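The shown structure was predicted, so the numbers you read here are calculated from the model rather than taken from an experiment. Side chains are part of it too, since the values below use all heavy atoms of this structure and drop only hydrogens, waters and symmetry mates. Numbers restart at 1 for each chain; the letters A, B, ... are given by sequence-line order, proteins then strands.
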Number of protein chains: 4
Amino acid sequence: MPASAGVRRRGAVRSEEARMAVLDATGRLFATQGYDHLTIEGIAAQAGVSKQTIYRWWSSKSAVVADALIEDKLLPDHPVVPDTGDIRADLIAWMQSLVDLVAEPGNDGLVRSLVAAACESPDIGTRLNDALGITATVSTRIEAAVAAGQLPADLPVTEFVRALVGGFVLYSLERTEPAPDVAERLVRALLH
Amino acid sequence: MPASAGVRRRGAVRSEEARMAVLDATGRLFATQGYDHLTIEGIAAQAGVSKQTIYRWWSSKSAVVADALIEDKLLPDHPVVPDTGDIRADLIAWMQSLVDLVAEPGNDGLVRSLVAAACESPDIGTRLNDALGITATVSTRIEAAVAAGQLPADLPVTEFVRALVGGFVLYSLERTEPAPDVAERLVRALLH
Amino acid sequence: MPASAGVRRRGAVRSEEARMAVLDATGRLFATQGYDHLTIEGIAAQAGVSKQTIYRWWSSKSAVVADALIEDKLLPDHPVVPDTGDIRADLIAWMQSLVDLVAEPGNDGLVRSLVAAACESPDIGTRLNDALGITATVSTRIEAAVAAGQLPADLPVTEFVRALVGGFVLYSLERTEPAPDVAERLVRALLH
Amino acid sequence: MPASAGVRRRGAVRSEEARMAVLDATGRLFATQGYDHLTIEGIAAQAGVSKQTIYRWWSSKSAVVADALIEDKLLPDHPVVPDTGDIRADLIAWMQSLVDLVAEPGNDGLVRSLVAAACESPDIGTRLNDALGITATVSTRIEAAVAAGQLPADLPVTEFVRALVGGFVLYSLERTEPAPDVAERLVRALLH
DNA sequence: GAATAAGCGAGACGGTACGTCTTGTCTTACA
DNA sequence: TGTAAGACAAGACGTACCGTCTCGCTTATTC
């Protein structure tokens, strides 16, 4: 009975169950196969959902992935920037945890897949930022450091974060053997 | 007598003509359609070559692209870092020309495609660096600046370059409206 | 309520239109190109149907041909055995019309193609018999002759028909210049 | 020294070794894979011969097969028609040995393959007759029976043999379970 | 002996078709 | 109206052979 609030159009309503099944399946397949071996058919099968249901609600593979990202289905718990007052130490710690994250066996290719997804859709890029808490968390921490006089007042924060994250991304794409001090060096490249 | 070293095995020899036709076609299609709409069949047709000839010599789409990259078929003439003695001005000028490059109508999506390709194959990532002359040219310029005392002696050059280029890459992936001073801001984020 | 027996599973139903288009196209191409130059891709193109639709319903080229045979798409109207009471005259007349049939310009190679198809698939052989009405029509006529005392009571009818048709098949495969009295001679070889 | 007969042109001479290797390989592959899975490349590889050598001397797969047939590479020792004076018994014995031949495990599909080959090339049909000794042996035996008054004087021998062999061929194509008395019945269908 | 012609192995080449996979749209039956 | 099931046209995948062609070597004949 559509008793309350407004007109509630006729017919069945979107199945939340189906929606979650799709996003869960996407997360599972993304982790095991990577972005480019992900297929709509595969997601539908894995989710026990019809393809049409996916196409009805999402416009493309990348849209599904973007949604899965928002709902935190794609990433393990992501690191947050600590705040000890020492901006350099904090950034190094954070960067180190990122480096450790992708160094874990299962997470190999995770960044690569996320970047590949971001290449396909600007939306994913944006949401990736949000999901990683980069814009929110990191920027905030940087701005605090600026306010504390640890960094110059006219530092272009957006670009600073981009350089930091971009450096990490390029490092990930290279798939070299993990350098032990890469986190420290990367931060030092920006804070010299 | 086969001129130089070695026995020059029997049988017809690889057709340089076919090889170049493939790489040229790859360059042409990459520019117009981007990496992910590139197909082996399309390349073969465009090159007037049989699919088998491609599969005989390359193992995958990304291998073809990597080769095309080496042979300079994918990129328009890429900017070099000027050397006026002023490292900050030089980097800004170089970064600005990169920004201008991707701002041109035809080059929309070029970086996106290259990054997508790099996500698929570590080889492409490596060769991308080489092709862009990044490692060579930029690093050299940075090292000169370090030697000249304009930059700290212990600057981690590799990471510095990665941050610079990574920042540019992330900017490109965001497809925001081109900010006029993004080049200057990005360099300033690193040189403050 | 699904009218008759059983549950009529969910999902779209097989397109009769596509099915007929495939069989029609098969008939057309079989006539013009013969069995061995027949290709699944050719059929699909000619029928305006995707290859997958063919592979969904038929397991091989010969399966399609067998089906086309049942649906009478491969053969022009085939002769029937007359019944004048004179078994010898009737068989000669029938055999003569078979000989005339393959002597027509367009039908050159028709028998060859059918036999080639039968070599590939036992199914086609069986259905070929059915389609030609050989088992049905000829056997019936022979049995009538046996009943009328024109042929011995213990005549092995199946083998008699096989010998008759087999003789015709071998004659067709030889592609010699058409002998004018071959029909009469063949029947006389069996009824002496 | 090209002493005798004519001008013996310059250059190397055809390698008998290669020729035999090809025909042997053809026989081996024909037996294991059947006519339609036989490939020129397969023969070349199996024979340790280059494709060009095959194409230099034979015009097609069927030409190779026809040659192999002549050189007795395709068939095991084939039965001959006995001559006991009783034409009916002799034909039954011969037909029975044919039936037994194709009933052997390895020879399954042998007739099918030969017939398929004959469909492709009239040449093969002719040579098949020769190789089987059908025209020679069987016809001779039939003619002897005619001369002995066991068969009518005006019997069309060619057609009689065709009917006999054709009946056997159709029986083989049907791949039914082997009927024990099929040889006897087939002969009886012709000699009633 | 050279020079000249084949023959031969190896194998690259432009093609055609194979049978499979996925895309995005559609139809059907049920809820 | 939403949904699972699933058929459909389209088209790329990577493989297998086709028949032709170049190679570098060997073998035989002729000058």
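Between C/R10 and F/dA5 there is no side-chain N or O to OP1 or OP2 distance below 4.0 Å. In this structure, B/T53 reaches the E/dG14 phosphate: one of its side-chain N or O atoms is under 4.0 Å from OP1 or OP2. For D/R14, no side-chain nitrogen or oxygen approaches OP1 or OP2 of E/dA6 to under 4.0 Å. Put simply, B/T39 has no side-chain N or O that comes within less than 4.0 Å of OP1 or OP2 on F/dG11. Taking side-chain N and O atoms only, B/W57 has a distance below 4.0 Å to OP1 or OP2 of E/dC13.
Going from atom CE of D/M20 over to atom C1' of E/dC8 covers 18 Å, rounded to whole Å. Rounded to an integer number of Å, the gap from NE2 of A/H37 to C1' of E/dT23 is 16 Å. Atom CZ of D/R19 is separated from atom C1' of E/dG9 by 20 Å (rounded to the nearest Å). As rounded to whole Å, 13 Å separates atom P of E/dA12 from atom CH2 of B/W58. One atom, CG of C/D36, and another, P of E/dA17, lie 13 Å apart when rounded to the nearest Å. One interatomic measurement links the two molecules: CD of D/E17 to P of F/dT26, which rounds to 15 Å at whole-angstrom precision. Atoms CD1 (B/I54) and P (F/dA12) sit 13 Å apart, rounded to a whole Å. Rounded to whole Å, atom C1' of F/dA12 lies 13 Å from atom CD of B/Q33.
Checked against F/dA9, E/dG9, E/dG14, the side chain of C/A18 finds its nearest nucleotide in F/dA9. Among the nucleotides E/dG9, F/dG6, E/dT23, the one closest to the side chain of A/I40 is E/dT23. Picking from E/dT20, F/dT22, F/dC13 the nucleotide with the shortest atom distance to the side chain of C/Y55 gives E/dT20.
One donor-acceptor pair, N or O on each side, does fall under 3.5 Å between the base of E/dC26 and the side chain of A/Q52. Applying the 3.5 Å distance criterion, the base of E/dG14 shares no donor-acceptor pair with the side chain of B/K51.
Nucleic acid contact for C/G48: sugar-phosphate only, since backbone atoms but no base atoms lie under 4.0 Å from a heavy atom of the residue.
Both A/E41 and A/R56 lie close to DNA chain F; mapped to their nearest nucleotides by heavy-atom distance, the more 5′-ward contact belongs to A/R56.
Relative to the ring axis of C/W57, C/R19 does not place its NZ or CZ within 45° and under 6.0 Å from the centre.
Each of D/L173, D/V111, D/D36, D/L114 was evaluated against C/C119; a single residue qualifies, D/L173, per the side-chain contact (heavy atoms from CB on, under 4.5 Å) test.
For B/D67 and B/R127, the salt-bridge test passes: some basic side-chain N is under 4.0 Å from an acidic carboxylate O.
Between the CG atom of C/L23 and the CZ atom of C/R28 there is a distance of 10.5 Å, given to the nearest 0.5 Å.
Atom CD of D/Q33 is surrounded by more than 12 heavy atoms from other residues, nucleotides or ligands within 6.0 Å.
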